[in-house]
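Here's the structure, in structure tokens; my notes come after.
From a predicted model like this one, the values you see are computed outputs, not experimental measurements. As a basis for the values below, the full set of heavy atoms in this structure was taken, side chains included, without hydrogen atoms, waters or symmetry mates.
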Amino acid sequence: MNNSSQWIKICVSAMGIVLLTACATVNKKHPDVVSGEITAESKKQLAAVYFIRPRTYKSKGMADNAVRIEFQGQTLLTQDEGTYTLLYIKPSKGTLKIHSETLYADQRASIDVWRERVYKFIAGRTYFIHVRQIDEEFRGIFYEPQPVDLQEAKRLIVLGAGRFGNTRASGAARNAPIDELTEVDMPPASAVKELIPAMPENLYKQGKNLRKAR
């Protein structure tokens, strides 16, 4: 076997490892998360919330690492690229925040960055939240929790197919994959609060002396 063939085998094996290890880990101790067996009757009392994080077509360094998603001040889940998962959440209203690490301008050390949005989770409704990557170049990369409908959710799970394959279902989503959904009861637009502009002072609140975008 020549060196070229060996290199191809190594690359294929590496991609397989990435696919197998990509996952979303849910914090089952979060007070608003209901885990275990979910019956048809109990689903009527809960909000079904999908978190979708497609792979990007181009590597973005540390921005490709797992993100941490927080709700009402507590970690809800951590999520790798190329996955989507489903959580059943009690009716509630609070701030949903996505944490990730990035480099800002000419800073050498990575810093924590986040975007937040207020969600009202209504019993019996289904939410699709796109963990959307925003590349601000010298201002770094961050993620925002963007609400999407079923049609857009189906489009998102096939993004990145040219690199590592479709976005994979993880956890409870394996029993209710997005591509098999035909109709869902979506929340009203008022259940999601609009985002304020992504200015540096709103992204890097723990940083000091960071230059503002012009």
Side-chain angles (χ1 to χ4, degrees), residues 11 13-33 35 48-89 94-104 107-117 119 127-137 139-148 153 156-174 176-178 195 198 202-207:
C11 289
S13 298
M15 286 190 291
I17 292 171
V18 169
L19 285 171
L20 290 172
T21 57
C23 65
T25 304
V26 177
N27 175 19
K28 295 181 180 179
K29 295 183 179 180
H30 193 289
D32 291 311
V33 172
S35 56
V49 185
Y50 287 87
F51 291 87
I52 309 166
R53 188 186 176 198
R55 293 187 184 278
T56 57
Y57 282 101
K58 183 178 180 181
S59 175
K60 298 291 184 178
M62 69 177 65
D64 295 342
N65 295 341
V67 299
R68 182 172 66 86
I69 303 175
E70 180 184 291
F71 182 58
Q72 294 191 343
Q74 297 186 48
T75 297
L76 194 63
L77 73 156
T78 57
Q79 187 170 19
D80 291 332
E81 266 196 331
T83 63
Y84 73 90
T85 195
L86 168 62
L87 276 67
Y88 291 99
I89 296 179
T95 299
L96 188 74
K97 183 183 293 187
I98 302 179
H99 290 266
S100 59
E101 287 194 348
T102 192
L103 291 176
Y104 179 91
Q107 302 291 319
R108 293 186 177 182
S110 64
I111 56 176
D112 182 60
V113 57
W114 64 86
R115 279 288 266 165
E116 60 186 36
R117 195 176 215 136
Y119 273 84
Y127 298 72
F128 300 99
I129 299 176
H130 178 195
V131 180
R132 182 186 176 204
Q133 185 185 97
I134 308 294
D135 187 350
E136 290 286 321
E137 298 182 351
R139 292 197 328 189
I141 297 172
F142 58 90
Y143 291 84
E144 66 177 32
Q146 181 185 50
V148 296
L156 288 171
I157 65 172
V158 299
L159 287 180
R163 188 151 73 100
F164 291 118
N166 293 359
T167 303
R168 299 170 60 247
S170 175
R174 295 193 187 103
I178 289 175
L195 285 172
N202 297 324
L203 291 168
Y204 311 110
K205 297 179 183 179
Q206 82 284 20

Taking side-chain hydrogen bond (donor to acceptor under 3.5 Å, both in side chains) as the test, write out the residues that go with Y143, two or more places apart. R53, Q133
Treating Y84 as the side-chain partner and I178 as the backbone partner, does any N or O pair qualify as donor plus acceptor under 3.5 Å? yes
Using every non-hydrogen atom in the two residues, find where A172 and L86 come nearest and quote the distance to one decimal. CB-O, 3.5 Å
Would you find a donor on one side and an acceptor on the other, under 3.5 Å apart, between the side chain of T85 and the backbone of S170? yes
If I take atom CG from residue D64 and atom CD from residue E81, how far apart are they, to the nearest 0.5 angstrom? 4.0 Å
Would you give the length of the straight line joining atom CD1 of I69 to atom NZ of K97, rounded to the nearest 0.5 angstrom? 13.0 Å
Taking salt bridge (Lys or Arg N to Asp or Glu O under 4.0 Å) as the definition, give me every residue that meets it alongside E144, ordered by chain and number, with sequence neighbours left out. R115, R132
Using a 4.5 Å cut-off on heavy atoms from C-beta on, say whether the side chain of P147 contacts that of R117. yes
Going through the distances and angles, do V49 and F51 end up as a side chain to side chain contact (heavy atoms under 4.5 Å, CB included)? CA-CA 7 Å; V49 185; F51 291 87; 3.6 Å; yes
The side-chain contact (heavy atoms from CB on, under 4.5 Å) partner of S100 among I141, V113, V131 is V113
When rounded to the nearest 0.5 angstrom, what is the spacing between CG in L76 and NZ in K28? 13.0 Å
Mind checking the CD1-CG spacing from I129 to L156? Nearest 0.5 Å is all I need. 12.5 Å
Do the rings of Y119 and Y127 sit parallel, tilted or perpendicular, given the 30° and 60° boundaries? perpendicular
State, to 0.1 Å, how close Y50 and A173 come at their nearest heavy-atom pair, and which atoms those are. CE2-CB, 4.3 Å
In Å, rounded to the nearest 0.5 Å, how long is the span from CG of L87 to CG of D32? 10.5 Å
From I89 atom CD1 to H30 atom NE2, the distance as rounded to the nearest 0.5 Å: 7.5 Å
With a 3.5 Å distance limit and no angle check, can you tell me whether D80 reaches the backbone of C23 through a side-chain donor-acceptor pair? yes
Residues in side-chain hydrogen bond (donor to acceptor under 3.5 Å, both in side chains) with H99, at least two apart? R68, E70, D112
